[in-house]
Amino acid sequence: MTIEITDDAAAVVGDLRVRRALPRRPRRTVGAWCFADHMGPAELAQETDLIGPHPHIGLQTVTWLLDGQALHRDSLGTEQVITAGQLNLMTAGHGVVHSEEATGHYSGTLEGIQLWIAQPDETRNAANAFEHHAVLPKLELDNGAATVLVGTLGTTSSAAKAESPLVGAELDLRSGQTSVPLLPNWEYAVIVLRGELRIDGEPLQIGQLGYLAPGRDELGVESIGTTRAMLLGGEPFSEQVVMWWNFVARSHDEITAAYRSWQHQDDRFVSVSTALPRIPAPAPPWLSSTEL
Ligand code: MN
């Protein structure tokens, strides 16, 4: 059993260049994790528009910064500055709208990772929610530490609301060998954010997704110098996930309904109090021009 390595795809979100590690072919989900964009490092001016108001359904957004600050606003009325080392967790449920902006006072480097978790059927049409966690638990490792953002790693659990069995943790490693505790019935993936790792003797570079199939009770990693990496994992997600634009659902019809609500600005998506313009949805490719 060896690690499966997938290259990232370059993409642009708002004003930022990102490395998209998930979803990729053949790997669409890891546990319930369905999206991973490593953004920056980029130089941020005080008034940079990151991304204007846009909707989500059926997912949780997990925002984690390595460097810098940003201002999160959403349709729940949340206005929350996030700084490096803190967690923003937004639960979309039936529908939420958010923007991410410069704080107006911070200028400098911005680097982070934007992750999505597919919500299970029990909660994906339920109410939306937002949590900010300024302090997160750490698990000490042989040659560094893991900060647990969501879920459980070894004996360490985050207080953030997880809706399926999973973990999202940042590994902050010094040079050398480290063992990370895993659950044999879960699948995992590692995304290097800074530095370089070796797993099963294979080098894993910045942006690449290193996928680990179920069957391991520990992960042996060799850090080449100091490294920061995301570890994502969970019970393989058994529900079919259909992703399009900012929506996670089970069918094209569900996504069409969300698309129409956003285009027609009906009451499914509440507006966000911000000066930034809302982002229009592209037309779903499965709709003919008369159906738009
Ligand atoms: Mn978003």
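In listed order, ligands and their atoms are each counted from 1.
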Salt bridge present between R228 and D67 (N-O < 4.0 angstrom):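 Looking at R228 and D67, the cut-off is not met.
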
For residues W244 and P282, determine if any side-chain heavy atom of one lies less than 4.5 Å from a side-chain heavy atom of the other. yes

Please indicate whether R28 has more than 12 foreign heavy atoms, meaning atoms of other residues, nucleotides or ligands, lying under 6.0 Å from its CZ. yes

Which protein N, O or S atoms lie under 2.8 Å from the Mn ion (ligand 1)?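 You should have found H54 NE2, H56 NE2, H98 NE2.
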
Can you sort out the partners of H252 under side-chain contact (heavy atoms from CB on, under 4.5 Å), two or more places apart, ordered by chain and number? V242, W286

Between T78 and Q80, does any side-chain donor sit less than 3.5 Å from a side-chain acceptor? no

Would you confirm whether R24, through its side chain, and D7, through its main-chain N or O, come within 3.5 Å as a donor-acceptor pair?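 At least one qualifying donor-acceptor pair exists.
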
